[in-house]
Amino acid sequence: MCVIKKAERGDLQAILQLQCLAYQSEAELFGSRDIPPLKQTLDEVLEEFRSGIILKMVDDKNAIIGSVRAQERDGTVYIGKLMVHPEHRHKGYGTMLLSEIEKCFPDKRYELFTSTRSLDNIRLYQKLGYTIFARKAVNDELEFVYMEKNDKY
């Protein structure tokens with residue numbers, strides 16, 4: 001049985017380690033480990049902890065197997081770093097985490113982004129009511145799609 005709750009400061013190192021593991025599959029899509037989630041520092045995660053909400057999903061042994069974070073700015077909730085341990089994927093945990101972070105910020109506009117190569121992510125977000133509203137090329141290899149969901153109305 002998995003439980004989702006707010007992460008505590010003492011969880012951040014474990015969440016960063018999970019992030020490094022979970023984002024390997026994203027790195028493989030590009031044939032490069034040079035992606036922001038794999039270069040993020042503990043200090044940067046701590047800053048996100050201070051400025052928003054980080055949720056963790058723990059298993060029955062209290063091990064962190066998933067996480068997501070968000071912060072609100074100007075009426076929009078920016079959601080990021082939705083991750084599930086590779087051994088626990090395709091069990092609905094990503095859906096549960098995303099739904100739970102939305103509940104932390106009811107009746108808002110939600111925004112997130114992912115790589116155009118992350119087709120599983122795009123399908124998941126679309127299934128949960130997100131629509132693509134913009135694309136942004138970072139370089140010749142990397143393009144992001146920006147997706148939104150508006151629960152304000």
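Keep in mind that this is a model prediction, so the values were computed, not measured.
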ask   = Same hydrophobic cluster for Val77 and Ile4, using side-chain heavy-atom links shorter than 4.5 Å among ILVMFWY?
value = yes
inquiry  = With clusters defined by side-chain heavy atoms of hydrophobic residues (ILVMFWY) lying less than 4.5 Å apart, directly or transitively, does Leu18 cluster with Leu42?
reply    = yes
inquiry  = When you compare the side chains of Glu111 and Thr76, does any donor N or O come within less than 3.5 Å of an acceptor on the partner?
reply    = no
Donor on one side chain, acceptor on other, Ser115 and Glu143, under 3.5 Å = no
query = Would you say Val84 and Leu55 are hydrophobically clustered, going by side-chain heavy atoms of ILVMFWY under 4.5 Å?
reply = yes
ask   = Transitively linked via ILVMFWY side-chain contacts under 4.5 Å: Ile101 with Ile15?
value = no
Residue pairs passing the salt bridge (charged side-chain N to carboxylate O under 4.0 Å, His left out) test where at least one lies in residues 46-55, sequence neighbours excluded = Glu47-Arg50, Glu48-Arg69
Which side-chain N or O atoms in residues 6-14 pair as donor and acceptor under 3.5 Å with protein atoms at least two apart or in another chain?
{"unit_1": "Asp11", "atom_1": "OD1", "unit_2": "Lys56", "atom_2": "NZ", "d": "3.3"}
{"unit_1": "Asp11", "atom_1": "OD2", "unit_2": "Glu8", "atom_2": "N", "d": "2.7"}
{"unit_1": "Asp11", "atom_1": "OD2", "unit_2": "Lys56", "atom_2": "NZ", "d": "2.7"}

task = First locate atom NZ of Lys136, then atom OG1 of Thr116, and finally report the distance between them rounded to the nearest 0.5 Å.
result = 13.5 Å
Could you list the donor-acceptor pairs under 3.5 angstrom formed between side-chain atoms of residues 120-129 and any protein atom two or more places apart in sequence or on another chain?
{"unit_1": "Asp120", "atom_1": "OD1", "unit_2": "Arg123", "atom_2": "NH2", "d": "2.5"}
{"unit_1": "Asn121", "atom_1": "ND2", "unit_2": "Thr114", "atom_2": "OG1", "d": "3.3"}

task = Is it possible for you to say whether Val68 and Phe144 belong to one hydrophobic cluster, with membership spreading through side-chain heavy-atom contacts below 4.5 Å?
result = no
query = Is Tyr110 reaching over with its side chain to a backbone N or O of Ile79, donor-acceptor style, under 3.5 angstrom?
reply = no
request  = Mark yes or no: Arg109 above the aromatic ring of Phe133, with NZ or CZ under 6.0 Å from the six-membered ring centre and no more than 45 degrees from the axis.
outcome  = yes
